[in-house]
Amino acid sequence: MSRALEVVATGPLALVQDLGRPGHAHLGVPPSGALDVPALRLANRLAGNPEDAAGIEALLGGLAVTARASCTVAVTGPPVAVTVDGRPAGSHVPVHLTAGQTLTIGRPDTGLRCYLAVSGGIDVEPELGSRSRDVLAEIGPPPLEPGAVLPLGEPSGIPDGADTVTAPPNPPDLLVPVVLGPRDDWFGDAAHQLSAPWTVTSESNRVGLRLDGPALRRTDAREGAELPSEGVITGAIQVPPNGLPVVFLADHPTTGGYPVIAVVVPRALPALAQARPGTTIRFRPYA
């Protein structure tokens, strides 16, 4: 029997993701890839894969898959109930499936995105060097649907059976370090304005984290001014005319015409990937 997984249920959204396709901004293609990179890397290590192997990113759990051949799997991200044929199996540990067994991921109590790695990796056809789904450019394998069959590569390593792997916390309040600029001079006392509490809204997605709070005010000299489109990167905090910031995530556009007041320090991005609507965020300049 060929090595494959059959998708039984997807929850709100399940996507194939690896570490993305950086280096294509000149083509208008964002980097994409797993939003919580450390979680995918860990899942792959637990399953015996290279860290860049493709897995499944499941929004708010609800993913169920049936193994068509013997394989090792691992689920990471926030703490979540994992079962095999209805029996508890645990997250953040290697789990062996035999052909015909079904693994189900529950709904996490905190955080947003769980990651499923399978020995051999999800072996769908890559586009521009990656198997990741880009929801903005619509590149890569489509969102998963029940009945989809995902081919698996050949196992190449030994599952990492660490005694204990603790799931990272997903607190309701985040203090996020940023580097001010390049357009912080468009705003009066940018650091002070950014330090206000911001609330993650339900309009957030893989393109960007949309925030609500006190509108950022431009300086008088910049009020009503326009900015030619310029390149933007993951973590850029763009400020549209309504003054409510958007933090660009992995599927962000590669250029933007609104000023970027600051950029999130890369190590803080995984926590933002797990920030549910209602999470409070405060930005502070990185020292």
Side-chain angles (χ1 to χ4, degrees), residues 11-13 15 17-20 22 30-46 51 55-61 74-80 91-92 105 107-117 132 135 164-180 191 194-213 232-239 244-252 260-287:
L13 181 67
L15 305 171
Q17 297 290 346
D18 55 20
L19 297 186
S32 194
L35 291 193
D36 187 343
V37 170
L40 178 61
R41 289 184 182 274
L42 173 60
N44 275 320
R45 292 198 303 272
L46 291 171
E51 291 187 349
I56 299 175
E57 179 182 273
L59 180 68
L60 290 173
V75 176
T76 60
V80 67
S91 68
H92 298 80
I105 302 174
R107 179 185 173 96
D109 292 329
T110 64
L112 278 177
R113 295 173 170 91
C114 298
Y115 291 85
L116 172 67
S132 289
V135 302
T164 302
V165 177
T166 303
N170 295 286
D173 303 288
L174 295 176
L175 186 61
V176 178
V178 299
V179 176
L180 292 175
L194 270 178
S195 68
W198 301 96
T199 303
V200 177
T201 74
S202 59
E203 287 75 34
S204 302
N205 55 24
R206 283 183 50 87
V207 176
L209 211 63
R210 295 184 177 274
L211 306 178
D212 193 16
V232 291
I233 61 174
T234 304
I237 304 175
Q238 190 183 68
V239 186
L244 300 179
V246 179
V247 183
F248 281 151
L249 300 181
D251 288 355
H252 64 85
V260 171
I261 189 172
V263 178
V264 172
V265 173
R267 62 178 170 81
L269 290 171
L272 295 182
Q274 299 291 358
R276 286 189 175 188
T279 300
T280 300
I281 292 177
R282 292 178 183 268
F283 299 108
R284 63 172 175 83
Y286 177 71

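- Between the CG atom in Leu194 and the CG atom in Leu180 there is a gap of 6.5 Å [rounded to 0.5 Å].
- The two residues Pro78 and Pro108 come nearest to each other via the heavy atoms CG-CB, 3.7 Å.
- No more than 12 heavy atoms of other residues, nucleotides or ligands sit less than 6.0 Å from atom CZ of Arg210.
- Taking both residues in full, the closest heavy atoms of Gly235 and Val247 are given as O-CG1, 4.2 Å, listed atom of the first, atom of the second, then distance.
- Minimum heavy-atom separation, Thr76 to Leu40: OG1-N, 4.4 Å.
- With hydrogens and angles disregarded, no donor-acceptor distance shorter than 3.5 Å links the side chain of Arg284 to the backbone of Pro177.
- Here the closest heavy-atom approach between residue Pro31 and residue Thr234 is recorded as CG-OG1, 3.5 Å.
- Between atom CG of residue Leu244 and atom CD of residue Glu203 there is a gap of 10.5 Å, rounded to the nearest 0.5 Å.
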Let me see the working for Val176 and Arg282 under side-chain contact (heavy atoms from CB on, under 4.5 Å), right down to the final yes or no.
-> CA-CA 6 Å; Val176 178; Arg282 292 178 183 268; over 6 Å; no
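- Side chain of Glu57 to main chain of Leu35: a donor-acceptor pair is present (N/O by atom type, distance under 3.5 Å, no hydrogens or angles).
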Take Val263 and Ile237 through the side-chain contact (heavy atoms from CB on, under 4.5 Å) test and state the conclusion after the steps.
-> CA-CA 6 Å; Val263 178; Ile237 304 175; over 6 Å; no
Where do Leu15 and Leu13 land on the side-chain contact (heavy atoms from CB on, under 4.5 Å) test, with the steps shown first?
-> CA-CA 7 Å; Leu15 305 171; Leu13 181 67; 3.9 Å; yes
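- Val207 approaches Asn205 most closely through the heavy-atom pair N-OD1, 2.9 Å.
- A donor-acceptor pair under 3.5 Å links the side-chain atoms of Asp251 to the main chain of Val135, judged by distance alone.
- Between Ser204 atom OG and Leu249 atom CG the span is 8.0 Å, to the nearest 0.5 Å.
- Here the closest heavy-atom approach between residue Val200 and residue Leu209 is recorded as CG1-CD1, 3.9 Å.
- Atoms CG and OG1, on Asn170 and Thr279 in that order, are 8.5 Å from each other to the nearest 0.5 Å.
- A distance of 7.5 Å separates CD1 in Ile105 from CD1 in Ile56, rounded to the nearest 0.5 Å.
- The main-chain N or O of Ala273 is never found under 3.5 Å from a side-chain atom of Arg206 such that the two would form a donor-acceptor pair.
- Looking only at atom types and distance, the side chain of Thr201 has no donor-acceptor partner in the side chain of Asp212 under 3.5 Å away.
- Judged by distance alone, with hydrogens and angles left aside, the side-chain atoms of Tyr115 form a donor-acceptor pair with the main-chain N or O of Asp36 at under 3.5 Å.
- In this structure, Ser132 contributes its side chain and Asp18 its backbone to a donor-acceptor pair below 3.5 Å.
- With Gln274 contributing its side chain and Leu112 its backbone, the two residues share a donor-acceptor pair below 3.5 Å.
- We find the CH2-CG distance between Trp198 and Leu174 to be 15.0 Å, quoted to the nearest 0.5 Å.
- Not one N or O on the side chain of His92 forms a donor-acceptor pair closer than 3.5 Å with the backbone of Ala43.
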Candidate pair Val260 and Phe248, rule side-chain contact (heavy atoms from CB on, under 4.5 Å), full reasoning = CA-CA 10 Å; Val260 171; Phe248 281 151; 5.7 Å; no
